[in-house]
Amino acid sequence: MSVLDTPAGAAPGRDTTRGGEGLVPVFVRLKLTLLRNGLRQSTGRRAAYITSVVFTLLIAAGQLIGLIALHGHAHAGSLVVLLAGVLAVGWTVMPLFFPSGDETLDPSRLVMLPLRPRPLIAALLAASLVGIGPLFTLCLAAGSVFAVAHGAAGAVFAVVAAPLTLLLCVALTRAVATANTRLLTSRKGRDLAVLSGLVIAVGFQVVNFGAQRLGQAGGLSALEPAADVVRWLPPASAIGAVDSASRGSYGQAAVQLLLSVAALFALLWLWQRSLVKLMTAPDGSTLAAAGPGREKSGRSGSGLAALLPAGRTGPVLERSLRYIARDPKTKASWVTALAIGLIMPMLNALQGTGSLYFACFAAGMLGMQMYNQFGQDTSAFWMVTLTISSTRDAYLELRARALALLLITLPYTVLVTVATAAVLGDWGALPGVMGLSLALLGAMLATGAVASAAFPYSIPQDGAFKNVAPGQAGLAWISIFGGMVSAAVLCAPVIAVTIWLRVAGPDQWLWLLLPAGAGYGALIAWAGLRLAAPRTANRLPEILMAVSKG
């Protein structure tokens, strides 16, 4: 029986949830107990948690000191208002991308308990205030209001605005998590969690680009147009209320503060509705499975399968493409490579300081998908081993996997290179860059095939950020970084010819780099597949053991 069923001293049949006062301490203790028991599991987990706490507190202290130093700055209000907006966005997407980070984010665990929604919301809100994230948010909110508070009116509004900002952020993340609980516990939700790495990578590049543009624009004054809009959106409106009160605009400050208060009550109401629906409405596990629709989805010989070649190549191509579309880890790796491969050259081109040769980054990112080809099969690789009885079978398997990669990589490399050339206006270098990209892609296909056979490792399926099984990190480093260095060495002739033609050679011969690079890449890829095939055929038991450890 759960501690939430009958608190100590209460009769089993008595209603103990008439008010939120009894549930709040119980849920706070439950949150602390979950945290304590999680840290007891291993020394490594305790060390990781303590390190993250220290790191977060150091960042929070630095942010707090920086915001305090902004006190009196003419444009401090614009900065802190936008900071509150970014903070709210972070709290909104956090439960979508990290659904397993806090067990209390899943209210479906409480469905069978005799708890009423309104007291339960008060208890969950109190429990949500326990943790590193709320402390970090409170530090930023306190520093923000201090940066813009002036006079007695500003101080009064600041005392209300800081905790109100924290409550709004926590209520926002709870409402989003509750509304999407069933999504987050499904396969699509796990896919979404795995793709969080992409959002972080893309967000970092966007922030970096924005910071550079801000520096070029001449300081914080460039933030004024955006801040004028965001200061009316909760929870940033609470911080904006402090700034308005400090400037003597008391009516505007009152409206901004009321907007945040109204938003808090609206979020609590939406949270309560989602909670009632979650705890009373049936889900897919209680409904009858659809009959006719499933029979149609199981057909074979139509759709993609009908377009693929016969023999071994077609089924392997289809399997590889289905991995990309359906397997969460494979999908995340591909989407991340596609996004970063485009962002890096385009951001540098938009800044006006980039070079067209940054477009080779796209071929490099996608070429990395050839490494550890058998690891994505995990323990199901034993079915592949049953179909490989000779070196030719291994060669056809590797060739088909490389073709599946090329179906996406070739047009994507051309697209990124042409788009970057269009932004930079450097059409003269396009043939050379395209040839170098194709040569690099062929070299990475070759080294990836060899590394897949020589240094296979398992990819665990139980965590969004676990890409290597325990004890195999060394294999992963050797496979990926050793292969990348080898690919760079293999591309040395094309790189040398490109440098010679760009520096000392005649410009009219630059177009020859395109067919030369494409031919060289195809030759290197073929040689790498031929070299990896006998190694794969002879090491099938070792490969199977290595990729099945996760």
Colleague: According to the salt bridge (Lys or Arg N to Asp or Glu O under 4.0 Å) rule, which pairs have a member within residues 512-536, sequence neighbours left out?
Modeller: none

Colleague: Please lay out, stage by stage, how Ile480 and Tyr457 fare under the test side chain to side chain contact (heavy atoms under 4.5 Å, CB included).
Modeller: CA-CA 11 Å; Ile480 296 176; Tyr457 57 90; 3.6 Å; yes

Colleague: Indicate yes or no: at least one non-hydrogen side-chain atom of Leu410 is less than 4.5 angstrom from one of Leu441.
Modeller: yes

Colleague: Do you see a donor-acceptor pair shorter than 3.5 Å between the side chains of Thr536 and Tyr395?
Modeller: no

Colleague: Can you check whether Asp377 reaches Val547 side chain to side chain, under 4.5 Å on heavy atoms?
Modeller: no

Colleague: Would the distance check show the side chain of Lys331 and the main-chain N or O of Ile324 forming a donor-acceptor pair, the cut-off being under 3.5 Å?
Modeller: no

Colleague: Suppose we screen for ring-ring contact (aromatic ring centres under 6.0 Å, His included). Which residues come up paired with Phe374, at least two apart in sequence or across chains?
Modeller: Phe381

Colleague: Say you draw a straight line from CZ of Arg174 to CG of Leu275; how long is it, rounded to the nearest 0.5 Å?
Modeller: 10.0 Å

Colleague: Identify the heavy atoms of Ala362 and Gly341 that sit nearest to each other, and give their distance.
Modeller: CB-O, 3.6 Å

Colleague: Would you compute the distance between atom CG of Leu356 and atom CE of Met434 and round it to the nearest 0.5 angstrom?
Modeller: 8.5 Å

Colleague: For Phe55, what residues pass the ring-ring contact (aromatic ring centres under 6.0 Å, His included) criterion, not counting sequence neighbours?
Modeller: none

Colleague: Heavy atoms, side chains only, cut-off 4.5 Å: are Asp426 and Val433 in contact?
Modeller: no

Colleague: So do Leu366 and Met444 actually touch side chain to side chain, heavy atoms under 4.5 Å?
Modeller: no

Colleague: Taking the side chain as every heavy atom from C-beta outward, state whether Pro534 and Thr391 have any atom pair closer than 4.5 Å.
Modeller: yes

Colleague: What's the shortest heavy-atom distance between Thr420 and Val416, and which atoms?
Modeller: OG1-O, 2.7 Å

Colleague: Does any part of the side chain of Leu438, heavy atoms only, come nearer than 4.5 Å to the side chain of Leu514, both counted from C-beta?
Modeller: yes

Colleague: Between Phe455 and Asn372, is a side chain to side chain contact (heavy atoms under 4.5 Å, CB included) present by the stated rule, with each step listed?
Modeller: CA-CA 8 Å; Phe455 306 104; Asn372 196 33; over 6 Å; no

Colleague: Of all heavy-atom pairs between Pro456 and Ala546, which one has the smallest distance, and what is that distance?
Modeller: O-CB, 3.6 Å

Colleague: Supply the atom-to-atom distance Asn538 CG to Ile543 CD1, rounded to the nearest 0.5 angstrom.
Modeller: 9.5 Å

Colleague: Sequence neighbours left out, what passes side-chain hydrogen bond (donor to acceptor under 3.5 Å, both in side chains) with Ser437? Give chain and number order.
Modeller: none

Colleague: Kindly give the heavy-atom pair with the smallest separation between Val423 and Met346, and that separation in Å.
Modeller: CG2-CE, 3.5 Å

Colleague: Under 3.5 Å, is there a donor-acceptor pair between the Ser452 and Arg401 side chains?
Modeller: no

Colleague: Minimum heavy-atom separation for Tyr323 and Thr330, please, with both atom names.
Modeller: O-CB, 3.5 Å

Colleague: Output yes when a side-chain donor or acceptor of Tyr371 lies under 3.5 Å from a complementary backbone atom of Gly483, and no otherwise.
Modeller: yes

Colleague: Nearest 0.5 Å, what's the CG-CG distance between Leu140 and Leu135?
Modeller: 10.0 Å

Colleague: For the OG atom of Ser333 and the CD1 atom of Ile459, what is their distance to the nearest 0.5 Å?
Modeller: 7.5 Å

Colleague: Determine whether Trp334 and Leu405 make a side-chain contact, defined as any pair of heavy atoms from C-beta on separated by less than 4.5 Å.
Modeller: yes

Colleague: Please report the C-alpha distance between Leu440 and Val494 in whole Å, then the side-chain angles of each, then the deciding distance to 0.1 Å, and finally whether the side chain to side chain contact (heavy atoms under 4.5 Å, CB included) criterion is met.
Modeller: CA-CA 9 Å; Leu440 175 62; Val494 180; over 6 Å; no

Colleague: Does the side chain of Leu445 come within less than 4.5 Å of Thr409's, by heavy atoms?
Modeller: no

Colleague: Main chain of Val384, side chain of Thr387: is a donor-acceptor contact present, judged purely on distance under 3.5 Å?
Modeller: yes

Colleague: Tell me, with the steps shown, if Leu396 and Ile388 meet side chain to side chain contact (heavy atoms under 4.5 Å, CB included).
Modeller: CA-CA 9 Å; Leu396 294 176; Ile388 299 178; over 6 Å; no

Colleague: Going from CG on Leu398 to CG on Asp393, what distance comes out if it is rounded to the nearest 0.5 angstrom?
Modeller: 11.0 Å

Colleague: Looking at Trp427, I'd like to know if its CH2 atom is crowded, meaning that more than 12 non-hydrogen atoms belonging to other residues, nucleotides or ligands lie closer than 6.0 Å.
Modeller: yes

Colleague: Taking all atoms of both residues into account, what is the closest heavy-atom pair of Val450 and Gly528, and its distance?
Modeller: CG2-O, 3.8 Å

Colleague: Sequence neighbours left out, what passes salt bridge (Lys or Arg N to Asp or Glu O under 4.0 Å) with Arg319? Give chain and number order.
Modeller: Glu397

Colleague: What pairs with Arg399 under salt bridge (Lys or Arg N to Asp or Glu O under 4.0 Å), at least two apart in sequence or on another chain?
Modeller: none

